Structures are given as structure tokens and as C-alpha cells.
Amino acid sequence: AQSVAQPEDQVNVAEGNPLTVKCTYSVSGNPYLFWYVQYPNRGLQFLLKYITGDNLVKGSYGFEAEFNKSQTSFHLKKPSALVSDSALYFCAVRGYILTGGGNKLTFGTGTQLKVEL
Amino acid sequence: NAGVTQTPKFQVLKTGQSMTLQCAQDMNHEYMSWYRQDPGMGLRLIHYSVGAGITDQGEVPNGYNVSRSTTEDFPLRLLSAAPSQTSVYFCASSLLGDPGDTQYFGPGTRLTVL
């Protein structure tokens with residue numbers, strides 16, 4: 001079975017400071033990892049994904065994520081946070097072996113990011 | 001290209017009532033799915049479909065039915081609503097065949113069961 005852990009329910013950071021939202025995963029075979037963002041009363045928006053190749057993945061709105069196979073982690077980062085980045089962030093994983101379940105994604109419980117002035 | 005659309009945006013039901021949440025996509029995606037989002041629990045898969053006429057259960061299917069008669073549409077039916085089904089429901093779609101395919105989400109339906 002595949003699983004995702006987001007150990008922090010909330011992350012607070014000052015505007016202009018770097019931010020990190022943590023994610024660790026467990027999956028059989030090679031992992032396919034995704035980050036989504038959810039603004040209040042909105043659906044989930046895709047930010048970025050890791051499939052293969054370079055361990056540092058760049059995505060939308062200046063976000064990037066670092067894949068670390070030995071630590072089974074895929075932390076989301078941004079060099080300089082903005083107040084407008086305040087939202088709920090979800091990490092998700094899909095294993096390489098496609099079962100009869102097709103493209104099932106497993107989500108973490110989410111991390112609320114709060115960026116303050 | 002509207003992406004994934006869901007109706008209604010909000011709904012209040014009484015216990016025992018039935019209703020259908022609508023989901024449609026215009027990206028010709030084979031894979032469609034329904035999730036529910038509850039505080040502190042992330043998103044949990046209810047049902048999914050890998051093509052017209054093919055559906056299967058996710059991790060929390062009880063109390064929900066689905067069917068898929070076309071590629072575009074994937075409605076979710078609540079046969080007899082219960083307060084435990086109060087949640088935000090999201091529909092998502094993607095291509096099928098590559099585990100790196102991105103799932104795209106609709107704006108959600110906020111359901112309250114009294």
C-alpha cells in the first residue's frame with residue numbers, strides 16, 4: 001500500500017523568508033510525486049510533480065520541490081514567501097505499478113501555510 | 001476548454017434524501033474519480049472510472065453510487081443521505097496509462113446533510 005505523511009498541520013513563515021513544507025512517502029517501486037495547492041473555497045490546483053530525472057523540480061508560482069530517494073521525501077520549497085502563498089498544500093504519491101485501480105493517487109492530510117507580513 | 005466542472009457548488013439535504021452530484025470534463029480523459037475532503041483527513045477516494053462503462057470502488061465507497069455512460073460525465077449519487085456524508089466533494093480527471101499523468105480537479109461541491 002502507498003502512503004503519504006505531512007508531519008506539520010501548519011507552517012508559519014514571514015513574508016520574504018524561505019519556506020519548506022515537508023512530505024514523506026511510502027510506495028512500492030518508483031514513486032511519482034505531486035504537490036497541489038488549495039486556496040479557500042477552491043478546488044485543488046496542480047503545482048508540480050516528480051517523475052524521473054533531476055531531483056529538483058520547478059513548478060508554478062516560484063515553487064520547487066526536492067526529491068530525496070534515500071529519505072523518501074519530497075519537500076516543497078520557495079526561496080521567498082508571499083502573503084498570497086497562504087493556502088492548504090497537499091502532497092500525493094502514485095506508485096509505478098499500475099494496478100486495476102488505474103491512476104489512483106494517495107494524498108497526505110495537508111499542511112496549512114500561513115505567510116505573515 | 002473548461003477543464004473539470006462540477007454542479008452544484010453548494011447543497012443542503014435532509015437525512016434520507018437522495019441527490020446526484022454532477023461532474024464533467026472536456027479534456028477527453030479516460031480516468032475520472034470522486035474524492036471527499038474532510039478536515040484533518042486529506043482527500044479520500046470514493047469511486048473511480050477508467051473509461052465509459054467501467055467503474056470501481058475506492059477506499060470509502062459506502063453510501064455512494066456511480067456510473068459512466070460517456071467519457072465526459074461521471075455523476076456521483078447519494079441514495080439516502082446521512083450526516084456522515086457532510087463533506088466537500090471533488091471530481092478529478094486525467095489521462096490513463098502513465099503514472100506521471102496529472103490529475104485535474106473540479107472546484108468542488110460543499111454538501112451539508114442535516
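All chains are named by letter (A, B, ...) in the order of the sequence lines, taking the proteins before the strands, and each is independently numbered beginning at 1. On a predicted model such as this, the values are computed, not experimentally measured, just so you know.
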K.L.:
With a 4.5 Å cut-off on side-chain heavy-atom distances among I, L, V, M, F, W and Y, is there a chain of contacts connecting Phe63(A) to Tyr104(B)?
P.N.:
no
K.L.:
What part of Gln37(B) lies closer than 4.5 angstrom to a heavy atom of chain A: side chain, backbone, both or neither?
P.N.:
side chain
K.L.:
Counting only non-hydrogen atoms closer than 4.5 Å, does Leu45(B) touch chain A with its backbone (N, CA, C, O), its side chain (CB onward), both, or neither?
P.N.:
side chain
K.L.:
Heavy-atom distance under 4.5 Å between the side chains of Phe107(A) and Tyr35(B), does that happen here?
P.N.:
yes
K.L.:
Tell me whether Val37(A) shares a hydrophobic cluster with Leu76(A), the cluster being built from Ile, Leu, Val, Met, Phe, Trp, Tyr side chains joined at under 4.5 Å.
P.N.:
yes
K.L.:
How many angstroms lie between atom CG of Leu105(A) and atom OH of Tyr48(B), to the nearest 0.5 angstrom?
P.N.:
13.0 Å
K.L.:
Enumerate, atom names and distances included, each donor-acceptor pair closer than 3.5 Å involving a side-chain atom of residues 13-23 of chain B, sequence neighbours excluded.
P.N.:
residue, atom, partner, partner atom, Å
Thr15(B), OG1, Leu114(B), O, 2.6
Gln17(B), OE1, Lys14(B), N, 2.7

K.L.:
Side chain, backbone, both or neither: which part of Gln45(A) has an atom under 4.5 Å from a heavy atom of chain B?
P.N.:
neither
K.L.:
Given that the side chain runs from C-beta out, which part of Ser33(B) has a heavy atom under 4.5 Å from chain A: side chain, backbone, both or neither?
P.N.:
neither
K.L.:
When hydrophobic residues are tied together by side-chain contacts of less than 4.5 Å, even through go-betweens, does Tyr61(A) share a cluster with Trp35(A)?
P.N.:
yes
K.L.:
Give me the atom names and distance for the closest heavy-atom approach of Thr102(B) to Lys49(A).
P.N.:
OG1-NZ, 3.0 Å
K.L.:
Identify which part of Leu44(A) has an atom lying under 4.5 Å from any heavy atom of chain B, answering side chain, backbone, both or neither.
P.N.:
both
K.L.:
Tell me if a side-chain donor or acceptor on Tyr36(A) pairs with a main-chain N or O of Gln103(B) at a distance below 3.5 Å.
P.N.:
yes
K.L.:
Under a 4.5 Å heavy-atom cut-off, does chain B meet the side chain of Leu88(A), its backbone, both or neither?
P.N.:
side chain
K.L.:
Determine whether a donor-acceptor pair (N or O, by modelled atom type, separation under 3.5 Å) exists between the side chain of Arg42(A) and the backbone of Gly108(B).
P.N.:
no
K.L.:
Does Leu43(B) share a hydrophobic cluster with Tyr89(B), counting links as ILVMFWY side-chain heavy atoms below 4.5 Å and allowing steps through other members?
P.N.:
no
K.L.:
Going hydrophobic residue to hydrophobic residue with side-chain gaps under 4.5 angstrom, can you get from Tyr25(A) over to Leu47(A)?
P.N.:
yes
K.L.:
Examine whether an atom of Arg44(B) lies under 4.5 Å from a heavy atom of chain A, and if so say whether it belongs to the side chain, the backbone or both; otherwise answer neither.
P.N.:
neither
